[in-house]
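Reviewing the structure listed below.
The chain is numbered in sequence order, starting from 1. In listed order, ligands and their atoms are each counted from 1.
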Amino acid sequence: MTNPLDTKTRSKQVSHSSALDTRTKPTWCPGCYNFQILAGIKNAIGKSRIKKEDFAIVTGIGCHAKMFDYVNLNGINTLHGRVLPTCLGIKIGNPNLNVIGFSGDGDAYAEGMAHLIHAARYNSDFKYVVHNNQVFALTVGQPTPVTEIGFKDKTTPQGVKIYPMNPIKLMLASGASFVARVFSDAQQVEYILKEALKHKGFAFIEVLQPCLIFHPESYKEKFYSLDKVGHDKSNFGQAWKRAQEFDYNSVKKIPLGIFYQVQKPIFEEQYPQLLDLKKKKIGWKDIKR
Ligand SMILES: Cc1ncc(C[n+]2csc(CCOP(=O)(O)OP(=O)(O)O)c2C)c(N)n1
């Protein structure tokens, strides 16, 4: 398969497999990059050999969270910032489910920050997609922990003065076993979710998703594919170095792809009760008492 991260042009059409459609009409702004993420996710899930009923999705609160209404899968539209503990709870209830969580950068890096560190440590076998538009979009564009210096909105008229955090470095430092970044292009999202679904353990995927209204794209032509430069994703030192190239503040080069991937024991394998559920391919509710 060709790596979509190598392509210079992005998907113009947002086509996707319709098996996961719902009857809800999307209320995202016309042209919002969330449509690309939605299409990529539907394609990756739709083309996987995994049955629909073996998936569960979790979303937080925000524009990204509307995914919940547009993807026809079971799950929980949870509280703002609580996507990760909800994903973990589902895995404990039934470790056989393929769980995918969706957050905005506010959801993931502000309200939900503590959970993010521990999700990387726990290495439960679920996937986490962060729609990073560098603002709290649904509440009309306030800065988040990844907004660049100088960004102005009504709450911060003198501009952001605090340096943004780097989530890729945070995930590496916290012990995440799969750390990736892509742009909000349907093909890129499909590709990376397929890779993440093959990974056994917690997969952190950051999707750069410029908000057309509150944080328009400023880094269009700055991307390059880690695959193309011979990046060794099993090498922590290389991953760390590449992670520093984009600091979420000034834009030089933005690496896309898998920064780091390593096999570590997963949370579900540490507990005999969960191992038993996995072996029997059942959840707690199926246990006869
Ligand atoms: C506990 C809690 N705090 C704050 C809010 C208000 N709130 C709703 S949506 C939102 C912004 C979400 O921003 P982000 O997670 O970045 O998602 P986006 O809308 O950008 O996709 C906030 C702060 C809330 N609903 N619950």
Side-chain angles (χ1 to χ4, degrees), residues 14 22 24-42 57-71 75-89 100-119 126-149 151-156 160 162-168 170-171 181-186 188-189 192-193 204-219 246 248-249:
V14 190
T22 66
T24 313
K25 231 178 144 200
T27 53
W28 286 320
C29 303
C32 176
Y33 282 107
N34 273 319
F35 285 103
Q36 294 275 344
I37 301 179
L38 177 67
I41 296 292
K42 281 183 174 174
I57 56 169
V58 180
T59 66
I61 304 292
C63 293
H64 69 277
K66 297 179 182 193
M67 296 282 286
F68 192 79
D69 295 330
Y70 310 149
V71 183
I76 300 175
N77 184 180
T78 190
L79 299 173
H80 186 47
R82 304 292 176 252
V83 170
L84 292 167
T86 309
C87 289
L88 182 62
I100 308 172
F102 300 91
S103 280
D105 47 305
D107 205 84
Y109 309 144
E111 192 79 22
M113 170 53 91
H115 300 303
L116 184 57
I117 294 166
H118 297 299
F126 66 84
K127 320 302 159 200
Y128 188 44
V129 179
V130 179
H131 303 216
N132 184 358
N133 52 21
Q134 295 188 275
V135 282
F136 290 101
L138 192 70
T139 46
V140 300
Q142 299 82 6
T144 69
V146 285
T147 309
E148 72 279 11
I149 300 270
F151 174 87
K152 285 185 184 156
D153 84 310
K154 284 183 188 156
T155 65
T156 320
V160 169
I162 301 164
Y163 209 81
M165 58 166 288
N166 183 325
I168 302 288
L170 179 80
M171 286 295 86
R181 179 200 288 135
V182 292
F183 185 73
S184 43
D185 168 279
Q188 292 192 20
V189 174
I192 208 70
L193 185 63
F204 171 83
I205 300 169
E206 174 166 83
V207 185
L208 296 176
Q209 175 247 324
C211 174
L212 301 180
I213 307 300
F214 300 113
H215 198 285
E217 185 174 4
S218 58
Y219 39 74
F246 175 44
Y248 297 78
N249 193 51

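D105 contributes a side-chain N or O that, together with a main-chain N or O of V135, makes up a donor-acceptor pair within less than 3.5 Å. With Q134 contributing its side chain and Y248 its backbone, the two residues share a donor-acceptor pair below 3.5 Å. Checking side-chain atoms of T156 against main-chain N and O of D153 turns up no donor-acceptor pair under 3.5 Å.
The single protein non-hydrogen atom nearest to atom 24 (C) of ligand 1 is H80 CB, 3.8 Å, given as residue, atom name and distance. If you check which protein heavy atom lies closest to atom 1 (C) of ligand 1, you get E111 OE2, 3.7 Å.
For ligand 1, the atoms closer than 4.0 angstrom to any heavy atom of C63 are 18 (P), 19 (O), 21 (O). Proximity to H64 (heavy-atom distance under 4.0 Å) selects the following atoms of ligand 1: 15 (O), 17 (O), 18 (P), 21 (O). Every atom of ligand 1 with a heavy atom of G106 under 4.0 Å away is listed here by number and element: 14 (P), 15 (O), 16 (O). Distances below 4.0 Å separate heavy atoms of D105 from the following atoms of ligand 1: 16 (O). For ligand 1, the atoms closer than 4.0 angstrom to any heavy atom of G104 are 14 (P), 15 (O), 16 (O), 17 (O). Heavy-atom proximity to V135, at under 4.0 Å, picks out these atoms of ligand 1: 16 (O), 20 (O). When each atom of ligand 1 is checked for a heavy atom of D107 under 4.0 Å away, the hits are 14 (P), 15 (O).
Looking at ligand 1, you won't find any N or O of T144 less than 3.5 Å from one of its N or O atoms. Between F136 and ligand 1, no pair of N/O atoms sits closer than 3.5 Å.
In this structure, H131 falls outside the shell of residues with a heavy atom less than 4.0 angstrom from ligand 1. Contact between T139 and ligand 1 is present, with at least one heavy atom of the residue lying under 4.0 Å from the ligand.
Residue I213 places its CD1 atom among 12 or fewer non-hydrogen atoms of other residues, nucleotides or ligands, all under 6.0 Å distant.
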Would you check, one step at a time, whether the test ring-ring contact (aromatic ring centres under 6.0 Å, His included) holds for F126 with Y128?
CA-CA 7 Å; F126 66 84; Y128 188 44; 7.3 Å; no
Please report the C-alpha distance between Y70 and W28 in whole Å, then the side-chain angles of each, then the deciding distance to 0.1 Å, and finally whether the ring-ring contact (aromatic ring centres under 6.0 Å, His included) criterion is met.
CA-CA 11 Å; Y70 310 149; W28 286 320; 4.9 Å; yes
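The aromatic rings of F151 and H215 lie parallel to each other, their planes meeting at an angle below 30°, with 60° marking the opposite boundary.
Among V146, I61, L138, the residue whose heavy atom lies nearest to atom 12 (C) of ligand 1 is I61.
Note: L138 CG to H64 NE2 = 9.0 Å, rounded to the nearest 0.5 Å.
Side-chain atoms of E206 and N132 include a donor-acceptor pair closer than 3.5 Å.
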